[in-house]
Each structure stands twice: as structure tokens, then as C-alpha cells.
K.L.:
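The structure's right below; bear with me while I get my questions together.
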Amino acid sequence: MPELPEVETTRRGVEPHCVGHRVRRVIVREPRLRWPVPEQLACVLPGQVITAVERRAKYLLFRTAAGSLLVHLGMSGSLRMVAPDAPLRRHDHIDVLLEGGVCLRYHDPRRFGCFLWSAAGELHPLLENLGPEPLSREFDGQHLYYRSRRRKGPIKNFIMDGKVVVGVGNIYANEALFQSGIRPDRAAGRVSQARYERLAENIKQVLTTAIEHGGTTLRDFVGGDGRPGYFAQQLFVYGRSGQPCKRCGCPLRELRLGQRSSVYCVTCQH
DNA sequence: CGCTGACCCTGACGGC
DNA sequence: TGCCGTCAGGGTCAGC
């Protein structure tokens, strides 16, 4: 999946095909996702007009008068618009058929994603306790600095904690730390406010650039319109363990933090 | 409250 | 060719 740029690219891809359209039918072929797909969905959604497609963290929210369809793509999920008679591939788990003859199709080999329902006026529990959006004004160096005091865990885990800030996945956490010259295993509480200012700017910059590039660094990602995101993002560290640092030439090193690979340059990052 | 590790699943890839 | 272990973009949850 999709890091935040891929989710945003998906949102932009499907939005124009969904907004203003009425749902005709929901077909759930495989309900066993991260959480079981509620049976309620197939009853509640048909007849509803999709009024907006929004994103909060890496969740996509399809708004209707009755409530919201909450979709997460997990590690391997994708959503695309297809013709209703488009041939099914393996792992095409859900179809949301719209009036006007289009179909929103959910594909997810690993089934770590979810399709959930949230009634109108209710905030889904999964969306409670989420930190600010990384591209919002509320998210800045001061926020990171204050939230990090007395935290002993690695800064990389800290910026990937959704209660601190949402949408910073493994790839962009590695990249933003490299751009900021901070080692991923440094204790979060031992980074100055000045460095957090830089880090917040770099997180914004890295995510913004990725979104502009259509979101992908990943081979199997397919945008909402079904076309792969074109430009492979210029990655400085992620996936480059052992290769020379693009800035100083030293071989990049790798370590594991929270069961996720972290690549960094011993010379450029402290 | 903060942190660690287990866990949910399939598929791709490397080594033998 | 095949089998086996390892790893992969995410996030929640239990337990200390």
C-alpha cells in the first residue's frame, strides 16, 4: 500500500467518478478484510448519493446523507473505477456499482485493508485520537517538539505514530529523516526544536512532491483511474541499503526499528 | 502514558 | 524445478 501520496492520488482519481452518483448495488465477494465487512453495508449504501470523497490520514471517506463508507487500503489494497462487466481478477473483493454504469472496485491481496460504515453524525472510533494531517498548518516543528519531550523511543517510530501525526509511512519517514540529517534511531526526546522545525518542513516537502508525482514509488500501485503512477520518486535512502549515499558517497546502512527497515547514512545523519 | 512485540494475510524473491 | 525462510508500503491491540 499505499503511503499517503498514493491514497491521495486514489482519492483524486475516483472522486470525479463518484461524487453526485447514486449507489446502485454493493457486491462483497470476500468479507474477510482487516475487520469483517459489515453486512449492513450492502443494505445501507444502495440508494445513497455520494456527496464527497474525502481523506483523513490514510482513510478514504465516501460521504452520503446516511453516513460514510470508510475505506483503508492496508498494505496491498487499491481502488479503481472499472466498467461493471470488467473481468474479475484474483483478489477483487468488493464492487460498489454506481448508477450511470461505473463501478468502484476494491482489490487487496493481503486483505489488511478495510471497508467499514459510519452512521451520519458519528465519528468512527478509528478516526478518534488521530494526530494532525501532515500537510495542515497545525502540524509544525513546535508540535513535534512538544509531543516528543521525555520520549525515549526512536524518532522514526515517533513520526510514524498516528497519534503524533498521521500519514507518515515507512518510505517517507526514512526520506524525511535523511533530508533532515537525523538518525532514525535517535531518541525522539533528544532532538532540538530547531531540528524538529526542519523535520516538519521536510515531511511536508517529501509528501507534497510525491503527491505531485502521482504518488508512487511502488511497482504495483495503480492510481484511481487504473493507470500506474508514472514517475518513480527520487528516493535517497529507502530501498538503497549498501548503496552509496547520494550526498556523500558512503555506503548506506540499515537497521530495524519496530520491525521496519530503516536506511540511513552514518555521515549525513546524526 | 510510552514502548515492544505479536498479529492480520498473500506473494515475490533468494538460497539451497 | 521446488521447497523454505524472509521480507514487504499499514495499523491495532495486549501486555508490561
Side-chain angles (χ1 to χ4, degrees), chain A residues 1-11 29-37 55-60 70-79 89-94 106-116 124-131 134 144 146-177 184-191 203 206-207 210-211 213-223 228-229 232-233 235 237-242 254-263:
Chain A
M1 162 176 110
E3 290 233 13
L4 182 132
E6 285 78 3
V7 178
E8 179 58 24
T9 300
T10 298
R11 192 195 68 74
R29 293 181 204 85
E30 174 55 86
R32 296 173 303 167
L33 303 186
R34 176 72 169 80
W35 292 282
V37 177
R55 179 185 61 72
R56 173 73 175 106
K58 292 173 188 166
Y59 292 94
L60 290 169
L70 196 69
V71 178
H72 198 290
L73 303 177
M75 291 275 257
S76 56
S78 60
L79 270 180
R89 298 170 300 167
R90 189 160 152 74
H91 307 303
D92 280 344
H93 302 315
I94 301 173
Y106 178 71
H107 175 86
D108 187 3
R110 291 176 74 180
R111 294 191 274 118
F112 284 2
C114 65
F115 249 69
L116 296 169
H124 196 281
L126 289 170
L127 303 183
E128 285 173 10
N129 312 319
L130 287 180
L144 285 178
Y146 287 139
R147 296 259 353 215
S148 65
R149 291 311 87 187
R150 264 167 267 113
R151 288 187 69 146
K152 284 225 68 186
I155 189 167
K156 178 158 170 281
N157 297 12
F158 173 69
I159 60 171
M160 290 178 72
D161 180 347
K163 293 189 287 302
V164 173
V165 56
V166 299
V168 182
N170 198 33
I171 297 178
Y172 299 112
N174 276 301
E175 294 300 312
L177 287 169
D185 58 350
R186 169 171 283 272
R190 303 203 47 201
V191 173
I203 287 171
V206 151
L207 291 174
I211 291 169
H213 283 244
T216 197
T217 53
L218 309 170
R219 295 169 224 133
D220 59 353
F221 175 73
V222 176
Q233 162 118 0
L235 295 175
V237 287
Y238 181 81
R240 299 193 63 248
S241 179
E254 180 166 2
L255 50 86
R256 300 193 75 74
L257 297 171
Q259 290 105 258
R260 288 209 154 85
S261 84
S262 309
V263 186

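Chain letters run A, B, ... following the sequence lines, proteins first and then strands; every chain starts at 1. Please read all numbers here as calculations on a predicted model, not as lab measurements.
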K.L.:
Whole angstrom is fine here: how far is it from OH in A:Tyr106 over to C1' in B:dT10?
P.N.:
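To the nearest whole Å, that distance equals 13 Å.
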K.L.:
Rounding to the closest angstrom, what is the interatomic distance between C:dT6 and B:dA6 at atom P?
P.N.:
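To the nearest whole Å, 14 Å.
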K.L.:
If only side-chain N and O atoms of A:His72 are considered, is one of them under 4.0 Å from the OP1 or OP2 phosphate oxygen of C:dG11?
P.N.:
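Answer is yes, contact under 4.0 Å.
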K.L.:
When rounded to the nearest 0.5 angstrom, what distance separates CG in A:Leu177 from CD1 in A:Ile155?
P.N.:
6.0 Å
K.L.:
Roughly how many Å is it from CE in A:Met160 to C1' in C:dG11, rounded to a whole number?
P.N.:
10 Å
K.L.:
Can you check nucleotides 12-15 of chain C for protein contacts, nitrogen or oxygen pairs under 3.5 Å, and list what you find?
P.N.:
unit_1: C:dT12; atom_1: OP1; unit_2: A:Tyr59; atom_2: OH; d: 3.4
unit_1: C:dT12; atom_1: O4'; unit_2: A:Arg34; atom_2: NH2; d: 2.8

K.L.:
Name the stems that DNA chain B belongs to, where each is three or more consecutive Watson-Crick or G-U pairs with both distances under 3.5 Å?
P.N.:
B:2-8 with C:10-16, B:10-16 with C:2-8
K.L.:
Nearest-Å distance, NE2 (A:His93) to P (B:dC9)?
P.N.:
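The distance from NE2 of A:His93 to P of B:dC9 comes to 12 Å, rounded to the nearest Å.
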K.L.:
Counting distance alone, no hydrogens or angles: does the base of B:dC9 have a donor or acceptor under 3.5 Å from a partner atom on the side chain of A:Arg110?
P.N.:
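Pair found.
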K.L.:
Just say parallel, tilted or perpendicular for the rings of A:His93 and A:Tyr106, cut-offs at 30° and 60°.
P.N.:
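Tilted: the ring planes of A:His93 and A:Tyr106 meet at 30° to 60°.
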K.L.:
Under a 4.5 Å cut-off applied to non-hydrogen side-chain atoms, are A:Leu33 and A:His72 in contact?
P.N.:
no
K.L.:
What's the gap between B:dG5 and C:dC7 when it is taken at their P atoms, as a whole Å value?
P.N.:
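Each nucleotide's P atom is 15 Å from the other's.
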K.L.:
Looking at A:Arg90, I'd like to know whether one of its side-chain N or O atoms comes within less than 4.0 Å of OP1 or OP2 on B:dG11.
P.N.:
yes
K.L.:
Can any side-chain N or O of A:Arg147 pair as donor or acceptor with the backbone N or O of A:Phe158 at less than 3.5 Å?
P.N.:
no
K.L.:
Suppose we screen for salt bridge (Lys or Arg N to Asp or Glu O under 4.0 Å). Which residues come up paired with A:Arg55, at least two apart in sequence or across chains?
P.N.:
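Expected list: A:Glu8, A:Glu133.
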K.L.:
For A:Asp108 and B:dT10, give me the distance from atom CG to atom C1', rounded to whole Å.
P.N.:
9 Å
K.L.:
Side chain of A:Arg256: nearest nucleotide among B:dT4, B:dC9, C:dA8?
P.N.:
C:dA8
K.L.:
In whole angstrom, give the distance that lies between atom NE2 of A:His107 and atom C1' of B:dG11.
P.N.:
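For the pair A:His107 NE2 and B:dG11 C1', the rounded distance is 11 Å.
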K.L.:
Name the closest nucleotide to the A:Arg151 side chain, picking from C:dA8, B:dG5, B:dC3.
P.N.:
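Out of C:dA8, B:dG5, B:dC3, the nucleotide with an atom closest to A:Arg151's side chain is B:dC3.
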K.L.:
For the pair A:Glu3 (side chain) and A:Gly169 (backbone), establish whether a donor and an acceptor sit closer than 3.5 Å, ignoring hydrogens and angles.
P.N.:
yes
K.L.:
Judged by atom type as modelled, is there a donor-acceptor pair below 3.5 Å linking the side chain of A:Glu30 to the main-chain atoms of A:Asp92?
P.N.:
no
K.L.:
For the side chain of A:Pro109, starting at C-beta, report the closest nucleotide among B:dT4, B:dT10, C:dA8.
P.N.:
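Shortest atom-to-atom distance from the side chain points to B:dT10.
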K.L.:
Just verifying a value: how many Å separate A:Asp161 CG and A:Leu130 CG, rounded to the nearest 0.5 Å?
P.N.:
10.0 Å
K.L.:
Within the side chain of A:Asn174, is there an N or O that forms a donor-acceptor pair under 3.5 Å with the backbone of A:Val263?
P.N.:
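Yes, the answer is positive, given that a donor and an acceptor are paired below the 3.5 Å cut-off.
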K.L.:
Which nucleotide wins on minimum distance to the side chain of A:Ser261, given the candidates B:dG11, C:dA8, C:dG11?
P.N.:
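Between B:dG11, C:dA8, C:dG11, the one nearest the side chain of A:Ser261 would be C:dA8.
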K.L.:
Can you find a side chain N or O atom of A:Ser76 that sits less than 4.0 Å from OP1 or OP2 on B:dG11?
P.N.:
no
K.L.:
Relative to the 5' end of DNA chain B, which residue comes earlier, A:Gly258 or A:Arg147, by the nucleotide with the nearest heavy atom?
P.N.:
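Nearest-nucleotide comparison on DNA chain B picks A:Arg147.
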K.L.:
Can any side-chain N or O of A:Ser76 pair as donor or acceptor with the backbone N or O of A:Arg110 at less than 3.5 Å?
P.N.:
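Yes: the side chain of A:Ser76 pairs with the backbone of A:Arg110.
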K.L.:
Rounded to the nearest angstrom, tell me the gap between atom CZ in A:Arg32 and atom P in B:dC9.
P.N.:
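Distance, rounded to whole Å: 8 Å.
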K.L.:
Just the rounded figure in Å: distance from C1' of C:dG11 to CG of A:Leu70.
P.N.:
13 Å
K.L.:
Quick one: A:Asn157 CG to B:dG5 P, roughly how many Å, whole number?
P.N.:
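Answer to the nearest Å: 10 Å.
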K.L.:
Can A:Phe112 be classed as stacking with the base of B:dC8, given a centroid separation cut-off of 5.5 Å and a plane angle cut-off of 30°?
P.N.:
yes
K.L.:
If you round to the nearest 0.5 Å, how far is CG of A:Leu70 from CH2 of A:Trp35?
P.N.:
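The distance works out to 9.0 Å.
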K.L.:
Check the phosphate of B:dG2 against A:Lys152, side-chain N and O only, distance under 4.0 Å to OP1 or OP2. Yes or no?
P.N.:
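Answer is no, no contact under 4.0 Å.
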